[in-house]
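I have placed the structure first, in the form of C-alpha cells, so that the comments after it can refer back to it.
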Amino acid sequence: MLFTVITYLAYIFSKRIYKKMNFALFHPLLLAPILLIAIISIMHVSANDYMQGSKFLSHMLAPATVAFAVPIYKNLPIIKKYMKTIVISITTGTLMAMISTFLLSKLIHLSDDFIVSILPRSITTPIAMEVSKEIGGLPTLTTVFVIITGIVGGIVGPNVLKWLSIKTPIAKGLALGMGAHGVGTNKALEYGKQESVFSSLAMIFAALFTLVWGSLLTSFI
C-alpha cells in the first residue's frame, strides 16, 4: 500500500504543478514517473519490488479499458452520423503511425522485440499495454513510448492544427485523439466540448484498429 500511496501522491503533486505552470514538460505523465524514479532510487527499492507493491494500480488498467465503452455508448448518434469520416481518418492514422514506426525501427536496426513493443505507441496506455501483450511485446517498454508520443503530440499538435488552418471541431478532435491519445484529448478539451468528444472517439477507435494492424504487421517481423 505504501508504494500505491506514493504513486498516487506523486501524480496529484504533478497534476497541480502542471495546472499551475501550464508547461508541457511538467505534464503529469512525464513529471510523475521522474519523481517516482527519484523516490525509489533514494529508498534503494528495486523496480520489481516497486511494481509488486503498486500492483493494485496495474490491476485497475483492465477496468479502465472496459470503461471506454461509456463514451462510445453516450455518443452513438455522433458516431453513426460521422462513421465514414471517423473510420477513414482513424484507419489512415493508425496505418501511418504503425508503418512509420516499423520502417524507422528497421532503418536504425532495432531488435524485433523492441519493434513489436513500440508498434502500439499511438494509443492510450491501458489499451496499448494489452495490445503489446497480445502481439508479443513488452508492456513496460510500450508504456514509455506511449507517454513520449502523447507529450510530443500534445506539444506539436496544436501548432500543426494552426499551421494547416484546421478549424472544424471534428477535424481538430480526431487529429488530437489519434496523434496524442489521452494527452491530445486533454488538449482538445481546451478547444471545446465537441473537440473533446471526437478526440475521445478517435482514441478509442485507434486502439481497436491498432490491434488489427499490429497483429498483421507482427507476421512480417
Side-chain angles (χ1 to χ4, degrees), residues 24 27-30 32-34 37 47 51 57-69 71-72 85-157 160 173-188 198-221:
H27 194 282
L29 288 178
L30 181 62
I34 293 174
I37 291 171
M51 291 296 293
L57 293 175
S58 299
H59 291 329
M60 293 301 292
L61 288 174
T65 303
V66 176
F68 281 114
I72 292 179
T85 302
I86 292 172
V87 170
I88 293 175
S89 300
I90 305 307
T91 299
T92 304
T94 50
L95 275 174
M96 288 298 296
M98 299 196 77
I99 291 174
S100 62
T101 299
F102 177 77
L103 293 178
L104 287 171
S105 298
K106 283 294 186 181
L107 184 65
I108 59 177
H109 306 293
L110 295 179
S111 67
D112 291 344
D113 288 341
F114 202 103
I115 295 174
V116 172
S117 299
I118 64 176
L119 281 179
R121 64 176 178 80
S122 291
I123 56 179
T124 189
T125 306
I127 304 179
M129 292 181 70
E130 294 302 319
V131 172
S132 182
K133 291 178 186 176
E134 190 74 24
I135 63 178
L138 304 172
T140 50
L141 183 59
T142 302
T143 301
V144 173
F145 280 88
V146 168
I147 293 172
I148 293 172
T149 300
I151 292 174
V152 172
I155 296 172
V156 176
V160 172
L174 292 176
L176 289 169
M178 178 63 245
H181 36 81
V183 179
T185 301
N186 186 54
K187 182 62 69 173
F198 283 114
S199 184
S200 298
L201 293 176
M203 184 172 63
I204 296 166
F205 277 91
L208 296 174
F209 294 157
T210 296
L211 178 58
V212 176
W213 305 139
S215 299
L216 293 174
L217 269 178
T218 49
S219 62
F220 294 99
I221 300 177

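Not measured: the values here are computed from a predicted model. Because only heavy atoms are used, hydrogens play no part in the values below, and waters and symmetry mates are left out as well, while side chains stay in.
Across I115 and S105, no two heavy atoms sit closer than the pair CG1-CB, 3.5 Å. Heavy atoms only, all atoms of each residue included: S122 and T149 are closest at OG-CG2, 4.2 Å. Listed here is the closest heavy atom pair of A188 and S199: CB-CB, 3.7 Å. Considering every non-hydrogen atom in both S200 and T185, the closest pair reads OG-CG2, 3.5 Å. Closest of all the heavy-atom pairs between A180 and G150 is CB-O, 3.6 Å. Residue A202 comes nearest to M178 through the heavy atom pair CB-N, 3.9 Å, listed as atom of the first residue, atom of the second, then distance.
Atom CD1 of I99 and atom CG of L104 lie 11.5 Å apart (nearest 0.5 Å). The distance from the CG atom of L107 to the CZ atom of F102 is 12.0 Å, given to the nearest 0.5 Å. Of the inter-residue distances, the one linking T101 atom OG1 with M96 atom CE reads 10.0 Å to the nearest 0.5 angstrom. Of the inter-residue distances, the one linking I86 atom CD1 with T91 atom OG1 reads 11.0 Å to the nearest 0.5 angstrom.
By the 4.5 Å heavy-atom criterion applied to side chains, I135 and P120 are counted as neighbours. Residues I118 and L110 have side chains in contact (heavy-atom distance under 4.5 Å, counting atoms from C-beta outward).
Remark: S117 engages no residue in a side chain to side chain donor-acceptor pair (under 3.5 Å) (not counting sequence neighbours). Residues satisfying the ring pair (Phe, Tyr, Trp, His ring centres under 6.0 Å) test with F145, not counting sequence neighbours, are F114. Applying the side-chain contact (heavy atoms from CB on, under 4.5 Å) rule to P139 yields the partners M129, S132, K133; only residues at least two apart in sequence or on another chain are considered.
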- Query: Step by step, would you call I127 with T210 a side-chain contact (heavy atoms from CB on, under 4.5 Å)?
  - Reply: CA-CA 10 Å; I127 304 179; T210 296; over 6 Å; no
- Stepwise side-chain contact (heavy atoms from CB on, under 4.5 Å) test for I151 and I155: CA-CA 6 Å; I151 292 174; I155 296 172; 4.0 Å; yes
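Between H181 and the options I123, L176, V146, a side-chain contact (heavy atoms from CB on, under 4.5 Å) holds for only V146. The only member of I204, L95, L174 that meets side-chain contact (heavy atoms from CB on, under 4.5 Å) when paired with I90 is L174.
Although no hydrogens or angles enter the test, the distance criterion places a donor-acceptor pair under 3.5 Å between the side chain of S100 and the main chain of A97.
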